[in-house]
Q: 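Next up is a structure, given as structure tokens.
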Amino acid sequence: SSTDQVQASVVQQIDESGSMGFSGTPLKIVQAKAGAKQVIASSSSNDYLSIVGYDGTATIEQNLSKKSGNVTKLENAVDRLDDGGSTDIAAATREGLKPFDRAPSGTSKAAILLTDGKDSASESEVINNIVPKYNKRNVCLYTVGFGDSADETFLKRIANTSDCGTYSNATTQGSSTVGAENT
């Protein structure tokens, strides 16, 4: 592909709830941030990226921006995340769909949900109402679980409900081999 061609629009939804800071060496929040920065570093300069942080609510920390010229803004958005509060994956996935409104046409679209999966919100809302909206907009929804206590059953259900998502478990610091496992 030509160097001017946009290849992907990626929205990372990063769990910054209290459970991400309770256990693990290093802490799960540190691992999630390292994984998010790994995605930024490995993406093409022509890709578009966005950062959404969530706990009991979700906030777009960095709007969908072309990587070229915005690496520092993207990394700073990741660095601002801090653990505390509850986990609302429904809020994360709802808010995480909004940046795709700005996605350039013709790009592959992917959302990456990074979490320990300890959800205090309604699983059925995510599975039955929100993930189908990703499918309708041709957005692959990948899930990455952190820590031994990650709710893998729920995270796999999200990925399996996505038309093209997969689940992965991040087993080492900064490791988020998205797409490695789907069952």
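The figures that follow rest on heavy atoms only: side chains count, while hydrogens, waters and symmetry mates do not. Just so we're clear, the structure is a prediction, and the values are computed from it rather than from any experiment.
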Q: Given side chain to side chain contact (heavy atoms under 4.5 Å, CB included), test Phe154 with Ile89 step by step and report yes or no.
A: CA-CA 10 Å; Phe154 179 43; Ile89 291 176; 3.7 Å; yes
Q: So, using salt bridge (Lys or Arg N to Asp or Glu O under 4.0 Å) as the criterion, who are the partners of Arg80 when residues are at least two apart?
A: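 Salt bridge (Lys or Arg N to Asp or Glu O under 4.0 Å) check on Arg80 returns Glu61.
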Q: Within a strict 4.5 Å, meaning less than it, do heavy atoms of the Asp151 and Asp116 side chains meet?
A: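 Sidechains of Asp116 and Asp151: no contact.
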Q: Would you check if Thr59 and Val52 make a side-chain contact, meaning some heavy-atom pair closer than 4.5 Å?
A: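 No, every pair of side-chain atoms sits at 4.5 Å or beyond.
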Q: Once rounded to the nearest 0.5 Å, what's the spacing between atom CG of Asn160 and atom CG of Leu141?
A: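 Nearest 0.5 Å value for the CG-CG distance: 11.0 Å.
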Q: Partners of Asp15 by salt bridge (Lys or Arg N to Asp or Glu O under 4.0 Å), sequence neighbours excluded?
A: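 In terms of salt bridge (Lys or Arg N to Asp or Glu O under 4.0 Å), with neighbours along the sequence ignored, Asp15 is linked to no residue.
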Q: Looking at side-chain heavy atoms only, is the closest gap between Val39 and Gln12 below 4.5 Å?
A: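 Side chain of Val39 against side chain of Gln12, heavy atoms only: contact under 4.5 Å found.
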Q: Excluding sequence neighbours, so at least two apart, what forms side chain to side chain contact (heavy atoms under 4.5 Å, CB included) with Asn63?
A: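 Result, side chain to side chain contact (heavy atoms under 4.5 Å, CB included) vs Asn63: Ile60, Arg102.
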Q: Of all the heavy-atom pairs spanning Ala36 and Val78, show the shortest one and how long it is.
A: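 Closest pair (atom of Ala36, atom of Val78, distance): CB-CG2, 4.0 Å.
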Q: Quick one: side chain to side chain donor-acceptor pair (under 3.5 Å) partners of Thr93, sequence neighbours excluded?
A: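 For Thr93, no residue satisfies side chain to side chain donor-acceptor pair (under 3.5 Å) once neighbours in sequence are set aside.
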Q: Is there a side chain to side chain contact (heavy atoms under 4.5 Å, CB included) between Tyr48 and Ser50 once you walk through the steps?
A: CA-CA 7 Å; Tyr48 281 69; Ser50 176; over 6 Å; no
Q: Does the salt bridge (Lys or Arg N to Asp or Glu O under 4.0 Å) test come out yes or no for Asp47 and Lys67, once each step is laid out?
A: CA-CA 6 Å; Asp47 289 341; Lys67 177 184 171 181; over 6 Å; no
Q: Does Ser65 have any side chain to side chain donor-acceptor pair (under 3.5 Å) partners at least two apart in sequence or in another chain, and if so, which?
A: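 Side chain to side chain donor-acceptor pair (under 3.5 Å) list for Ser65, sorted by chain: Gln62.
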Q: For the atom pair CD (Gln31) and CG (Leu114), what is the distance rounded to the nearest 0.5 Å?
A: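 If I round to the nearest 0.5 Å, the distance is 11.0 Å.
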Q: Under the criterion side chain to side chain contact (heavy atoms under 4.5 Å, CB included), I'd like the reasoning laid out for Thr161 against Tyr134: C-alpha separation, chi angles, the key distance, then a yes or no.
A: CA-CA 10 Å; Thr161 303; Tyr134 280 76; over 6 Å; no
Q: Might you point out which heavy atoms bring Val10 and Leu64 nearest each other, and give the distance in Å?
A: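 Looks like O-CD1, 4.0 Å.
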Q: Would Phe146 and Leu27 satisfy side chain to side chain contact (heavy atoms under 4.5 Å, CB included), going step by step from the backbone distance to the final call?
A: CA-CA 9 Å; Phe146 289 85; Leu27 295 175; over 6 Å; no
Q: To the nearest 0.5 Å, tell me how far Asn135 CG sits from Asp163 CG.
A: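 That separation rounds to 3.5 Å.
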Q: Within the 4.5 Å heavy-atom criterion, are Val131 and Lys133 side-chain neighbours or not?
A: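 SC-SC contact between Val131 and Lys133 ruled out.
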Q: Please collect all salt bridge (Lys or Arg N to Asp or Glu O under 4.0 Å) contacts where either partner lies in residues 68-77, sequence neighbours excluded, each pair once.
A: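 Those involving residues 68-77 do not exist here.
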Q: Among residues at least two apart in sequence or on other chains, which ones pass salt bridge (Lys or Arg N to Asp or Glu O under 4.0 Å) with Lys98?
A: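 Partners of Lys98 under the salt bridge (Lys or Arg N to Asp or Glu O under 4.0 Å) test: Glu95.
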Q: Could you list the residues that satisfy side chain to side chain contact (heavy atoms under 4.5 Å, CB included) with Lys109, not counting sequence neighbours?
A: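 So Lys109 forms a side chain to side chain contact (heavy atoms under 4.5 Å, CB included) with Ser9, Phe100, Ala103, Thr107, Val139.
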Q: How about Glu16 and Ile29: do any of their side-chain heavy atoms sit closer than 4.5 Å?
A: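 Contact flag for Glu16/Ile29 side chains = yes.
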Q: Any chance you could measure Gln7, atom CD, to Ser45, atom OG, to the nearest 0.5 Å?
A: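 With rounding to 0.5 Å, CD (Gln7) is 8.0 Å from OG (Ser45).
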Q: Asp148: what forms a salt bridge (Lys or Arg N to Asp or Glu O under 4.0 Å) with it, not counting sequence neighbours?
A: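 Here no residue qualifies.
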Q: Take Thr87 and Ser17, measure what side-chain hydrogen bond (donor to acceptor under 3.5 Å, both in side chains) needs, and give me the verdict at the end.
A: CA-CA 5 Å; Thr87 305; Ser17 66; 2.8 Å; yes
Q: In chain order, what residues pass the side chain to side chain donor-acceptor pair (under 3.5 Å) check against Asp55, with sequence neighbours excluded?
A: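 For Asp55, no residue satisfies side chain to side chain donor-acceptor pair (under 3.5 Å) once neighbours in sequence are set aside.
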Q: Looking only at heavy atoms, what is the nearest atom pair of Met20 and Ala32, with distance?
A: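 Answer, listing the atom of Met20 first, then Ala32: CE-CB, 3.8 Å.
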Q: How close do Asp88 and Tyr54 get, counting heavy atoms only, and between which atoms?
A: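 Shortest heavy-atom separation between Asp88 and Tyr54 comes out as O-CD1, 3.7 Å.
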Q: Side-chain contact test, heavy atoms from C-beta onward, threshold under 4.5 Å: evaluate it for Thr115 versus Lys28 and give yes or no.
A: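 When only atoms from C-beta onward are counted, Lys28 and Thr115 do not touch, as no gap falls below 4.5 Å.
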Q: With salt bridge (Lys or Arg N to Asp or Glu O under 4.0 Å) as the criterion, how do Lys33 and Asp82 come out once you've worked through the C-alpha distance, each side chain's angles and the decisive distance to 0.1 Å?
A: CA-CA 10 Å; Lys33 286 177 168 186; Asp82 192 21; 5.8 Å; no
Q: Just to verify, what does Asp79 make a side chain to side chain contact (heavy atoms under 4.5 Å, CB included) with, not counting sequence neighbours?
A: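 Side chain to side chain contact (heavy atoms under 4.5 Å, CB included) check on Asp79 returns Lys37, Asn76.
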Q: Run the side chain to side chain donor-acceptor pair (under 3.5 Å) test against Arg157 and tell me which residues pass, sequence neighbours left out.
A: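 Testing Arg157 for side chain to side chain donor-acceptor pair (under 3.5 Å), a comparison that skips the adjacent residues, returns none.
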Q: Tell me the closest heavy-atom pair linking Val71 and Ile40, and the distance in Å.
A: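 Closest heavy-atom pair between Val71 and Ile40: CG1-CG2, 4.3 Å.
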Q: Distance from Thr153 atom OG1 to Leu155 atom CG, nearest 0.5 Å?
A: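 Nearest 0.5 Å value for the OG1-CG distance: 8.5 Å.
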Q: Grab the two heavy atoms, one from Ala159 and one from Thr166, that are nearest each other, plus how far apart they are.
A: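 Minimum heavy-atom separation between Ala159 and Thr166: CB-C, 3.3 Å.
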